[in-house]
Amino acid sequence: MSKAVASSLSAEDRQFNRNKWLFSVSGIGRDMSYQLIASFLLVYIQFGATLNVAQFTTISLIIGIAGRIWDAVNDPMMGAIIEGTHMKWGKFKPWILIGAVTCGAVIISMFNIPVSVSGWNFVVLMSVLYLLWETTFTMNDIGYWSMLASLSSKKEQRNSITMLTVMFAALGAFIGQGGISFLYPGNVRQAFSWISIAVVVIFVAMQAMTAIFVKERPRAEAEQQTKVSLKHMWNTIRKNDQVLWMTLVMLFYNIGSSLLVALAYNLYYIEIGYDGQTIIFIAIFGIVNIFANLMYPALEKRFTRKKLQNASIIVTSIGYIGIALLGWTNILPFELWTLSLFGVLVFGGQAIYYVACIINMTNCVEYNEYKRGERNEAVISTLRPFMAKFADAMKYGIVTLVLAVSGVFLLSQNISTMETQKNYFARMEDYTEKQNYITAVQGYLNGYDLDPEAADYAEQIAEINKLLQQDDVLSKYQIQAEYLDALGDVRVAVDGTISTTLREFDATLVTQDNFNKVTLEITGQDFNAANENFAEKGTLGMRLWLRACVSVVPMLLLVASLIIQNKKFIIDEKYYDMMLEEISKRNEGQQA
C-alpha cells in the first residue's frame, strides 16, 4: 500500500515537473504580445499616427473608460464560463487556445491599419479593435492564470512554478521591449506591422504548447458538476476579503511599476535623444527582472515574504529618488549609464515584490477553499486580469494627462509627422508624384514664416491649414501646418546617399529611373531631424512633468501598495500551512 502511494506521488511529481516547465515557458509569447499593447500601443499612436490633442485624448479615454466598463462585464463572465466548462480537454486549455488565436488576429489588425486611415477615422477603428483585443485576450488571460493555481497546492511546488512563470513572463517582456525598441525608431508604421506578425506567431505557438502538452489535475466529481452563476461568482469574490485586499495591492503596484516604462521613451527622447539606444535601458530592465526571479527561491528560504517585500520597496524607492534627481546637477548627469544604474534598483526591487504578490494572490484560492469549501480558481483569478487591465487604463489616463498638459504630445507630433510622411513618400508610384510633393511642401516652407515666436504665427497656421485641405497635391497626405517646419528638416536620400533637407532639395533630381530609390530619412550618421524638433525644443516644464510621473508618483503608489498589504493581508507562510492542514483533514473526513 505504501509503495503504491509512493509510486503515485512520484508519478504526480514527475507530471508536475513537466507541467511546470511547459506552462511557464509558454508565458514568453504571452508577455511579448501583452507588452506590444501595454507598452507600445500609445507609442504607435503617438509617433505613428497623425492626430491632434483632442483625438489623442479621446482614444486614450476610450481605452481607459469604455475598456473598463467592458471589462466589468467581460472578465467576470469569462471567469464564470471557464469555471462552468466541463470539456474532455479540460476547463482551462480550450479557452487558452481560442483566446490566443483570436487575440493574435486582432493584434495584427491593430498594427496594420492603412496609413490613409487617420484623424477621427483612426480613432474609431483603433477603439473598436482595442475592445476586441480586451475580449479575446481575456479568454486567454483568465484561462492561463486560473490554470496556474490548479497545477499544485503544495507550498514548494506553488512557489517554484509561480517563480518560473513570472521569470519567463519577464523574459518575454524583455524580448518584446528590447526587440521593438531597437526596430521601430525611424520607421514606426512599417516596423510595427512586421513586429505584430512575428509576436503573434510566437504567442499562438507557445500557447498551443500549453494547450496540447500541459496536463490539468483530475477534478473532483462535485467540481465536475459545478455550474457557476454570476450571483455565485460575485458572492465568492465578495466573501473572500483576502483576494479583495490583494486586488487593491496589485492595482497600486501595477499602476506605479508601469509608469516608468510607459513614459521611458518620451523621457529618454527629451533628455538624451531619439537615437535608438533605449534598447540598452530595456535590456537592463529584462536582465534584472530575470536575475531577480532566479534569486527569489534562495531569498525566500532565508526571509519571509513580508521581509522580502519591505526590503524590495526600500530598494525600489532609492532607485526612483535617484531618477528624480538626474540631470539637475553635474554630480548626477542625465545619461544612459546613470539612468540604467538607478533602473537596476527599480526593476530589481519591483521584480521581487511582484513575485511575492503573485504567490499571495494565488494562495487566495486555498483561502477560499478553507473558508467556503470551494476552490473556484477561475473566479478568484478573474480579479488579477481585471485589476491588471484596470491599472493599464489608469496608466493610460495618467500618461495622456501628462503628455497633453505638459505639451510633450504636441512636440512629439513633429516626429509623428516625419514618420507618417516618410511612409507616404515611400509608397508614391512615380517620379512626378514625388516631384510634386517636394515642390508643394517647399512652397509652404518658403512662403510663410513658421517660427512659433512670430507675432502672426497663429493666423498663418490657420491660413495654411485651410489651404492644405484644398491642396490638390498635399490634401491626401494628412499634413498639418503646425508640423511643416519639422518636416522640412527631414533629409532626402538618393540611392542610399544622404542629400540635403527636404526644404532645400532640388525636386528635378527625382527622375523616372531613380524615383523608387529616393527616400526620406529622419536620422543618419551625422544628422537627427527628430532631435532637432523634440529634444532640442523641450522645455523645463515638460521635463518636470515627465520626471514627476516616472519617479515620484510610482514611488508613492508602491509604498501605498506595501502599507495595505502589511496591514490587511494575513496569509503568510504559517497561515497557509494551517489552511492546507485543515483542508486535508476536512477532505479525509468527507471521504470517510
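Just so you know, these numbers use all the heavy atoms, side chains as well, and skip hydrogens, waters and symmetry mates. Computed from a predicted model, the values in this text were never measured in an experiment.
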Pairwise side-chain contact, Leu260 with Pro554, heavy-atom cut-off 4.5 Å (strictly under): no
Heavy atoms, side chains only, cut-off 4.5 Å: are Met394 and Asn254 in contact? no
Which residues pass the side-chain hydrogen bond (donor to acceptor under 3.5 Å, both in side chains) test with Asp513, not counting sequence neighbours? none
Would you check if Leu326 and Pro333 make a side-chain contact, meaning some heavy-atom pair closer than 4.5 Å? no
Find out whether Leu411 and Lys537 are in side-chain contact, i.e. whether some heavy atom of one side chain is under 4.5 Å from a heavy atom of the other. yes
Residues in side-chain hydrogen bond (donor to acceptor under 3.5 Å, both in side chains) with Gln350, at least two apart? Tyr320
Minimum side-chain heavy-atom gap Tyr34-Asp141 below 4.5 Å: no
Ser412 side chain to Asn266 side chain, donor-acceptor N/O pair below 3.5 angstrom: no
Scan side-chain atoms only and decide if Asn414 and Thr417 contain a donor-acceptor pair under the 3.5 Å cut-off. no
For the residue pair Phe409 and Thr57, establish whether any side-chain heavy-atom pair is separated by less than 4.5 Å. no
Heavy-atom closest pair (Val518 atom, Lys434 atom, distance to 0.1 Å) is O-NZ, 2.8 Å
Name all residues meeting the salt bridge (charged side-chain N to carboxylate O under 4.0 Å, His left out) criterion together with Glu271; count only those two or more places apart in sequence or in a different chain, and write none if there are none. Arg543, Arg547
Above 12 or not: heavy atoms from other molecules or residues under 6.0 Å from CH2 of Trp120? yes
Tell me whether the rings of Tyr253 and Tyr353 are parallel (<30°), tilted (30 to 60°) or perpendicular (>60°). tilted
Is a donor from one side chain sitting under 3.5 angstrom from an acceptor on the other, for Thr519 and Glu521? yes
Classify the ring geometry between Trp133 and Tyr130 as parallel (under 30°), tilted (30 to 60°) or perpendicular (over 60°). tilted
Asp456 and Gln460: side chain donor to acceptor below 3.5 Å: yes
With a 4.5 Å cut-off on side-chain heavy atoms, are Met250 and Thr247 touching? no
Contacts of type salt bridge (charged side-chain N to carboxylate O under 4.0 Å, His left out), residue Asp31, not counting sequence neighbours: none
Quick one: do Asn436 and Thr439 satisfy side-chain hydrogen bond (donor to acceptor under 3.5 Å, both in side chains)? Show the steps, please. CA-CA 5 Å; Asn436 292 337; Thr439 302; 5.6 Å; no
Under 30°, 30 to 60°, or over 60°: which ring-plane class applies to Phe111 and Phe192, parallel, tilted or perpendicular? parallel
List the residues meeting side-chain hydrogen bond (donor to acceptor under 3.5 Å, both in side chains) with Tyr424, not counting sequence neighbours, and say none if there are none. none
Is it true that Lys476 and Asp471 make a salt bridge, defined as a side-chain N closer than 4.0 Å to a carboxylate O? no
Would you please say whether a donor-acceptor pair under 3.5 Å links the side chains of Gln207 and Tyr144? no
Audit row: Val408, Val402, side chain to side chain contact (heavy atoms under 4.5 Å, CB included) steps and yes/no: CA-CA 8 Å; Val408 172; Val402 170; over 6 Å; no
When the ring centroid of Tyr431 is compared with that of Phe515, is the distance short of 6.0 Å? no
Using the six-membered ring wherever Trp is involved, compare the ring planes of Phe203 and Phe137 and label them parallel, tilted or perpendicular (cut-offs 30° and 60°). tilted
Side-chain donor-acceptor pairs under 3.5 Å in residues 494-502, sequence neighbours left out?
| residue | atom | partner | partner atom | Å |
| --- | --- | --- | --- | --- |
| Thr500 | OG1 | Phe505 | N | 3.4 |
| Thr501 | OG1 | Glu504 | OE1 | 3.4 |

